[in-house]
Amino acid sequence: MRFVTGTLIAGVAAVSVAAPAYAQDRGDDRVTTVQPYIEVSQVLSAELTPGDEVVTFTQIAAGVDLNAQGRNSGASVSVRYERNIGYGDAVDTDTISGIARGYLAVVPNALNFEAGALASRTRVDGGGAVSPNPLVSADATSQIYSIYAGPTIATRAGAVDITGQARVGYNRFETDNAVVDANGDPIDVFDDSVAYSGQITAGTRAGDPLPIGVAVTAGGYQEDISNLDQRVRNVFVRGDVTVPVSDTLALVGGVGYEDVEVSSRDAVRDIDGNPVVGNDGRLVTDGASPRIVAFDVDGLLWDVGVLWRPSSRTSLSARVGERYDSTTYYGNFTYVPSERSALSISVYDDLTGFGGALGSALAGVSSDFTALRNPVTGDFGGLVSGGEGPGLVNSLGSVRSAAFRSRGVSASYQRQIGRLTAAFGAGYDRRTFIAAAGTALEAADGLTDESYYVTGGLSRTIGRNASLQTNAYVNWFQSGEANGDLTAFGASAAYNRSLTDRLSARAALAVDYFDSDFSAEDFATATALLGLRYNF
């Protein structure tokens with residue numbers, strides 16, 4: 001089975017640029033930039049292959065982009081409501097999309113409260129392949145929501161640094177129609193989940209008071225997935241040491257104990273013993289069935305690695321060890337040579353559900369960003385740029401309801417050269433699914449889905465009153481099941497010109513192509529837009 005979130009695979013898109021935003025200096029080193037707007041556009045979308053259907057829409061949208069950075073708080077918000085009014089065979093649609101991240105210092109330099117939210121439109125055809133163009137096959141519309149909140153602490157007791165965090169998040173995937181595989185059978189896709197996480201660390205720095213740094217960490221994670229009442233639970237405690245080799249290099253190592261369990265209940269069965277599927281295509285949970293364990297690890301965890309910090313602009317952390325009863329690799333690299341350039345690379349290894357993976361990615365985004373949106377659809381594509389570097393929020397891959405072990409690498413890069421701004425994201429994600437024997441999800445156990453993706457966008461101002469944006473994406477997907485692979489790529493461009501201080505005109509064009517094993521035919525669409533935008 002293959003199901004990919006549309007806007008997140010659709011890639012980064014250009015920012016709608018018009019009149020300057022309203023900026024207000026509020027004192028205390030705080031500057032707030034607020035840009036509310038409305039848009040009215042006419043859209044034409046044509047199917048290039050295998051058919052020749054042409055549909056037109058009137059697009060009405062309202063939104064706001066906000067960035068507020070102060071001494072003790074910070075937040076960025078980009079939210080948009082869009083109404084597409086179709087003509088002829090076209091179907092009307094309503095969409096809310098956006099991303100928000102912020103923090104508030106409850107006790108300056110000691111206790112913060114953080115929160116974030118995400119709303120993203122997705123596209124699915126009958127076989128599960130994605131179309132990033134929401135103006136075609138409107139009956140395939142789906143929506144993803146994610147929200148989280150929690151405190152973080154950072155304080156010091158004598159020579160001991162104490163840091164910690166706690167988060168609770170909710171994630172939901174909505175679809176009006178059942179998702180089916182290549183044989184037409186319904187697939188149990190993720191519905192919703194609640195995730196809890198927290199950890200606390202107490203440690204000393206190398207040289208104060210010992211020649212080496214020592215730390216003790218305790219933490220836990222739990223995700224409750226509504227499908228078959230699945231539960232992912234992980235608690236651990238560990239000790240770590242940091243041994244300086246030079247002023248810029250240190251060896252690190254840690255050992256501890258972990259208790260990890262994945263469990264679920266079974267589905268309701270009919271008189272023939274077959275799992276019962278609801279109208280939405282999801283399995284119906286049997287709340288009276290006993291909890292069945294699918295994965296259980298109880299024992300030693302360890303890792304060793306290096307920390308390299310040759311300057312305040314460059315940092316590398318890399319570790320290898322044992323986790324989840326098998327070998328693990330993880331780490332990150334950041335390079336910020338100047339205020340105009342930033343690179344971030346992350347290697348990860350987690351055991352979670354779809355919602356937990358999405359929430360963790362959202363929490364990793366800076367609270368100082370600019371969201372990059374599609375110039376035709378207005379959708380948020382998952383990539384942001386900002387003063388603290390780029391960020392990538394994506395859930396590429398299957399949205400099976402089963403929990404999984406996710407291993408991969410993601411990278412994001414931004415660069416500003418004069419009037420040109422560039423942002424790129426790329427990565428690889430491998431998900432191995434975990435399900436209990438004897439349950440309705442048993443067939444998913446051990447299946448592995450792999451995704452490779454590249455996405456990027458360029459934006460350039462032209463004179464004082466105009467701008468040009470382009471974007472492109474490529475995605476390759478290899479399914480753990482037969483007849484589930486997908487190749488998708490596309491590009492779009494937009495030209496914006498200010499007519500007055502508040503009114504601007506926009507023209508945009510997008511082309512998308514899909515080659516999916518779910519269908520014997522390839523799909524290609526072209527979409528054009530002409531519109532006006534008014535900034536308040």
Side-chain angles (χ1 to χ4, degrees), residues 1-5 122 124-129 137 139-145 170-195 222-233 260-296 351-356 397-405 431-449 479-484 516-520:
M1 169 262 178
R2 162 59 169 159
F3 184 83
V4 187
T5 58
T122 68
V124 190
D125 66 19
S137 303
D139 59 345
T141 299
S142 302
Q143 193 83 16
I144 285 177
Y145 300 100
Y170 175 75
N171 308 277
R172 182 173 181 82
F173 175 77
E174 292 184 350
T175 179
D176 293 333
N177 301 291
V179 177
V180 298
D181 60 20
N183 298 320
D185 298 323
I187 299 167
D188 192 61
V189 300
F190 177 84
D191 187 6
D192 64 0
S193 72
V194 178
Q222 179 168 314
E223 182 177 2
D224 295 318
I225 304 169
S226 61
N227 305 71
L228 298 191
D229 195 15
Q230 293 179 82
R231 185 174 65 202
V232 180
R233 179 179 292 171
V260 186
E261 182 183 281
V262 178
S263 63
S264 72
R265 303 189 191 279
D266 197 8
V268 173
R269 304 275 179 165
D270 61 21
I271 58 174
D272 296 321
N274 299 314
V276 174
V277 177
N279 294 331
D280 60 356
R282 296 181 175 97
L283 295 166
V284 178
T285 304
D286 182 359
S289 70
R291 183 165 291 280
I292 306 171
V293 175
F295 181 84
D296 188 11
L351 199 154
T352 181
F354 175 83
S398 169
V399 289
R400 299 177 194 272
S401 68
F404 55 84
R405 183 172 180 180
R431 296 181 178 179
T432 302
F433 294 91
I434 301 169
T439 67
L441 290 178
E442 181 179 9
D445 186 51
L447 286 178
T448 299
D449 290 344
S479 174
E481 296 179 326
N483 302 319
S516 171
D517 285 351
F518 282 108
S519 173

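Along the sequence shown, residues are numbered consecutively beginning with 1.
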>> When you measure from the side chain of Arg282 to the backbone of Val189, do you find a donor-acceptor pair of N or O atoms at a distance under 3.5 Å?
In response: yes
> Can you tell if the side chain of Leu283 reaches within under 4.5 Å of the side chain of Val277, non-hydrogen atoms only?
Replying inline: yes
> Which value, rounded to the nearest 0.5 Å, describes the distance between Asn227 atom CG and Leu441 atom CG?
Replying inline: 7.5 Å
>> Could you report the tightest heavy-atom contact between Arg269 and Ala440, atom names first, then the distance?
In response: NH2-N, 3.7 Å
> When you check the gap from the basic side-chain N to the acidic O, do Arg400 and Asp188 get nearer than 4.0 Å?
Replying inline: no
> What are the two closest heavy atoms between Ser193 and Gly356, and how far apart are they?
Replying inline: OG-N, 4.5 Å
> Is any side-chain heavy atom of Asp449 less than 4.5 Å from a side-chain heavy atom of Phe433?
Replying inline: yes
> So which heavy atom on Ala436 is nearest to which on Ala294, and how close?
Replying inline: N-CB, 3.3 Å
> So which heavy atom on Asp224 is nearest to which on Arg231, and how close?
Replying inline: OD1-CG, 3.4 Å
> So do Ile434 and Leu351 actually touch side chain to side chain, heavy atoms under 4.5 Å?
Replying inline: yes
> What is the distance from atom CD of Glu261 to atom CG of Asp296, rounded to the nearest 0.5 Å?
Replying inline: 5.5 Å
> Backbone N or O of Val268 within a donor-acceptor pair of the Asp286 side chain at under 3.5 Å?
Replying inline: no
> Do Tyr170 and Asp192 get their side chains close enough for a donor-acceptor pair, meaning under 3.5 Å?
Replying inline: yes
> Rounded to the nearest 0.5 Å, how far apart are CZ of Phe295 and OG of Ser264?
Replying inline: 14.5 Å
>> Rounded at 0.5 Å granularity, tell me how far CG in Leu228 sits from OG in Ser401.
In response: 6.0 Å
>> If only side-chain N and O atoms count, and only distance matters, is there a donor-acceptor pair under 3.5 Å linking Asp229 with Thr285?
In response: no
> Sub-3.5 Å donor-acceptor pair from the side chain of Glu442 to the main-chain atoms of Ala435, do we have one?
Replying inline: no
>> Could you walk me through whether Ile292 and Arg265 satisfy the side-chain contact (heavy atoms from CB on, under 4.5 Å) test, starting with their C-alpha distance in whole Å, then the side-chain angles of each, then the deciding distance to 0.1 Å, before giving a yes or no?
In response: CA-CA 6 Å; Ile292 306 171; Arg265 303 189 191 279; over 6 Å; no
> Are Arg291 and Ser263 close enough that a side-chain donor and a side-chain acceptor fall under 3.5 Å?
Replying inline: yes
>> Whether the side chain of Asp270 engages the backbone of Asp272 through a donor-acceptor N/O pair (distance < 3.5 Å, no angle test) should be reported.
In response: yes
> Are Phe190 and Phe173 close enough that their ring centres sit under 6.0 Å apart?
Replying inline: no
>> To check you understand the geometry: which heavy-atom pair defines the closest contact between Asp266 and Ser289, and what is its length?
In response: N-OG, 3.1 Å
>> Using side-chain heavy atoms (C-beta onward) and a distance below 4.5 Å, is Glu223 in contact with Val194?
In response: no
>> Within this structure, what is the OG1-CG distance for the pair Thr432 and Asp445, rounded to the nearest 0.5 Å?
In response: 10.0 Å
> Any donor-acceptor pair under 3.5 Å linking the side chain of Gln222 with the backbone of Arg233?
Replying inline: no
> In Å, rounded to the nearest 0.5 Å, how long is the span from CG of Asn171 to CZ of Phe354?
Replying inline: 8.0 Å
